[in-house]
Amino acid sequence: MKDKDYINLIISTKLAYFSKIKGFMILRPYGYKIWENIKNILNKMLIKTNHENVYFPLLIPKSLFNIENNYIKSFSKECAIVTHSRLKIKDNKVIIDPSSKLNEELIIRPTSETIIWDTYKEWIQSYRDLPVLINQWSNVVRLEMKNKIFIRNSEFLWQEGHTAHAYKKDAIIEINIIKKIYKNLIKKKLSIPFISGYKTNIEKFSGAKYTYSFESLTKYNGKSIQLATIHFLAKNFSKAFNVMFTNKNGKKKYVWSTSWGISTRLIGAIIMIHSDNKGLILPPKIAPIQVVIIPIINNKNLIYKNKINNIIKKIINNLKKIKIKVKYDNNKYITPGNKFFKYEKMGVPIRITIGKKEIDKNIMEITRRDNFKKYYLNINNFKKKIIKILNKIQKNIYIKAKKNMKKKTFFIDDYNLFKEKIYNNCGFIISHWDKNNKTELKIKEETKATIRCIPNKFKEKGRCIYSGKKSYKRVVFGKSY
RNA sequence: CGGGGUGUAGCGUAGUCUGGAUUAUCGCGCCUGGUUUGGGACCAGGAGAUCAUAAGUUCAAAUCUUGUCACCCCGACCA
């Protein structure tokens, strides 16, 4: 899929639409449903692990950014700022009323750490107030110079978790819980394979002590996409906002904290990782339509028409009983062939076709979107089998994506070969690195490749691909979106 | 924010270089009626465009000039 096809696919399947403002997208029902499904799945997992949802305001007073923390460096160049509160009409034109200038400018949140930590200061007094396990579903605005719909928007929807803990070990436990949850979401629900690991100092969230991230590769151009991040903030924010609690011994201590998030970028990842030349392929677990039923009706034979309709009604009822999201497309003005193409493009995992042939044999024809395999199931006995097929699709697209990721992953120890692979967009290059910031920057300068993450699993002695210095671990290089 | 490209109906486009007879082309889609319906149906009729936007040059602008906006590509920046 080329970039142009990516955009065309999004527009033509009505996932999203461009708004009039640069980098701001309109999520249409089909796209928004995918987000709702992702949200519902993740939300359940977070609630189960004792997290609670809150909502903090969109606007943050500028003064809250006056803190001693590198954090502001991340966003200072991409903030939307509110300066006035009134409009007025002058010469038939709307203008900003100059007299309504705000005493203090308001920043549209690029992320909510500041306002949340400023509030935690008031909420947290005692060890009994801890932990604070809070999550927020919201939008944030970052006026990016370069946009790519879903992947790099100026506004996006996300989930931001902000937790506070009495002890470091509690914060670490929290991070491990979120790691598991994200892993489950990405691998099992979105069928996306990934490599995960720590960010380098240069690549990490600047407010964090360290950042853990999940990275995957697009199917066609081998660019890496960041899927989720988890930050160990240590005491960075509690110190910046003076958030202290009194422990059991009556001593004042700064709290430990974490933050973590996923965003609508995941939808972009799903598109770029699973789609084929016929269109989207949606993982069944998040597909707005899991099964589409297309009747083949011939108007000449009304008996069959009625029979087909009646049987399809029964099938729909049975599918609804097992909570399968089903759509019956009985539009008589569109030919079956047209419908086939339409729903294939939309990535609907399963298509059921029923016509005279099926009715005569008491069966239904089932076609999988992922590999176009056909099954013929008995009309009275199909529920378990449909679920099985949906699960198979869920797994199969993961396996396909994983194979693709493996095909584009190389262990390389020669810098010339490294440069060649990166130049040809070959995906993840796993090489030794001397842990030196300067080396990392030099490599970036020469090849545009960055260190996507440092997984634990590549422990092995070697020599840095660039400097030749000692290395104890391989790291993952790639070109990112 | 720098360099390049694009913007014509819901979508894709012709026309732009070389300004004028263009009633702005064609295909898809849309609407009406009818026949169809097992992999992108057919016939007949119909609607739909201030040619992104603002200003300028000109007797005359989709076409030339300039500004603005959006989108795409390449950089810089950035989760």
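Order of the sequence lines sets the chain letters (A, B, ...), proteins ahead of strands, with each chain counted from 1.
- The salt bridge (Lys or Arg N to Asp or Glu O under 4.0 Å) search around A:Lys39 returns none, not counting sequence neighbours.
- Comparing B:G39, B:A70, B:C11 by their closest approach to the side chain of A:Phe340 singles out B:G39.
- When heavy atoms are screened at a 4.0 angstrom cut-off, A:Thr211 is found touching base atoms of the nucleic acid.
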Dot-bracket for RNA chain B, 5' to 3', with Watson-Crick and G-U pairs under 3.5 Å, [ ] for crossing pairs and | for other-strand pairs: what is it? ((((((((.[[[..)....(.....]]].((((((.....)))))).....[[[[[..)....]]]]])))))))....

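- If you check every strand for non-hydrogen atoms under 4.0 Å, A:Glu445 touches nothing.
- Comparing B:A41, B:G39, B:G38 against the side chain of A:Lys374 picks out B:G39 as the nearest.
- For residues 288-309 of chain A, there are no ring-ring contact (aromatic ring centres under 6.0 Å, His included) pairs, not counting sequence neighbours.
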Got a list of side-chain donor-acceptor pairs under 3.5 Å for residues 21-36 of chain A, not counting sequence neighbours?
| unit_1 | atom_1 | unit_2 | atom_2 | d |
| --- | --- | --- | --- | --- |
| A:Lys22 | NZ | A:Met145 | O | 3.0 |
| A:Lys22 | NZ | A:Asn147 | OD1 | 3.4 |
| A:Tyr30 | OH | A:Met346 | O | 2.7 |

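- A side-chain donor-acceptor contact under 3.5 Å links A:Thr49 to the backbone of A:Leu46.
- With sequence neighbours excluded, the residues satisfying salt bridge (Lys or Arg N to Asp or Glu O under 4.0 Å) with A:Asp329 are A:Lys339.
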Show the distances under 3.5 angstrom between N or O atoms of the protein and N or O atoms of nucleotides 28-33 of chain B.
none

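- Judged as a salt bridge (Lys or Arg N to Asp or Glu O under 4.0 Å), and not counting sequence neighbours, the contacts of A:Arg369 are A:Asp276.
- Where A:Ser213 and A:Glu365 each meet RNA chain B at their nearest nucleotide, the meeting point lying more 5' is that of A:Glu365.
- A cation-pi geometry, defined here as NZ or CZ lying under 6.0 Å from the six-membered ring centre and within 45° of its normal, does not hold between A:Lys183 and A:Phe214.
- Taking the P atoms as reference points, B:C73 lies 24 Å from B:G67, given to the whole Å.
- If you check every strand for non-hydrogen atoms under 4.0 Å, A:Gly23 touches sugar and phosphate atoms only.
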Could you run down the sub-3.5 Å N/O contacts of the protein with nucleotides 42-53 of chain B?
none

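- Judged by distance alone with a 3.5 Å cut-off, a donor-acceptor contact links the side chain of A:Glu358 to the base of B:G38.
- B:U53 and B:A62 have their P atoms separated by 11 Å, given to the nearest Å.
- Less than 6.0 angstrom separates the ring centroid of A:Phe418 from the ring centroid of A:Phe477.
- Evaluation of the salt bridge (Lys or Arg N to Asp or Glu O under 4.0 Å) rule for A:Glu344 yields A:Arg351 as partners, not counting sequence neighbours.
- If you check every strand for non-hydrogen atoms under 4.0 Å, A:Arg452 touches nothing.
- Side chain of A:Gln290 to main chain of A:Pro284: a donor-acceptor pair is present (N/O by atom type, distance under 3.5 Å, no hydrogens or angles).
- The ring-ring contact (aromatic ring centres under 6.0 Å, His included) analysis of residues 141-164 of chain A, with sequence neighbours excluded, yields the pairs A:Phe156-A:Trp158.
- Cation-pi contact between A:Lys473 and A:Phe458: absent, since separation from the ring centre below 6.0 Å together with deviation from the ring axis within 45° is not met.
- Nucleic acid contact for A:Glu215: none, since no nucleic acid atom lies under 4.0 Å from a heavy atom of the residue.
- With 3.5 Å as the limit, one finds no donor-acceptor pair spanning the side chains of A:Glu105 and A:Thr83.
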Show each protein N/O and nucleotides 72-78 of chain B N/O combination with a separation under 3.5 Å, one pair to a line.
| unit_1 | atom_1 | unit_2 | atom_2 | d |
| --- | --- | --- | --- | --- |
| B:C73 | OP1 | A:Asp3 | OD2 | 3.3 |
| B:C73 | OP1 | A:Lys148 | NZ | 2.8 |
| B:G75 | OP1 | A:Lys448 | NZ | 2.3 |
| B:C78 | O3' | A:Ser74 | O | 2.9 |
| B:C78 | O2' | A:Glu78 | OE1 | 3.0 |
| B:C78 | O2' | A:Glu78 | OE2 | 3.4 |
| B:C78 | O2 | A:Arg152 | NH1 | 2.4 |

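- Judged as a side chain to side chain contact (heavy atoms under 4.5 Å, CB included), and not counting sequence neighbours, A:Asn277 has no contacts.
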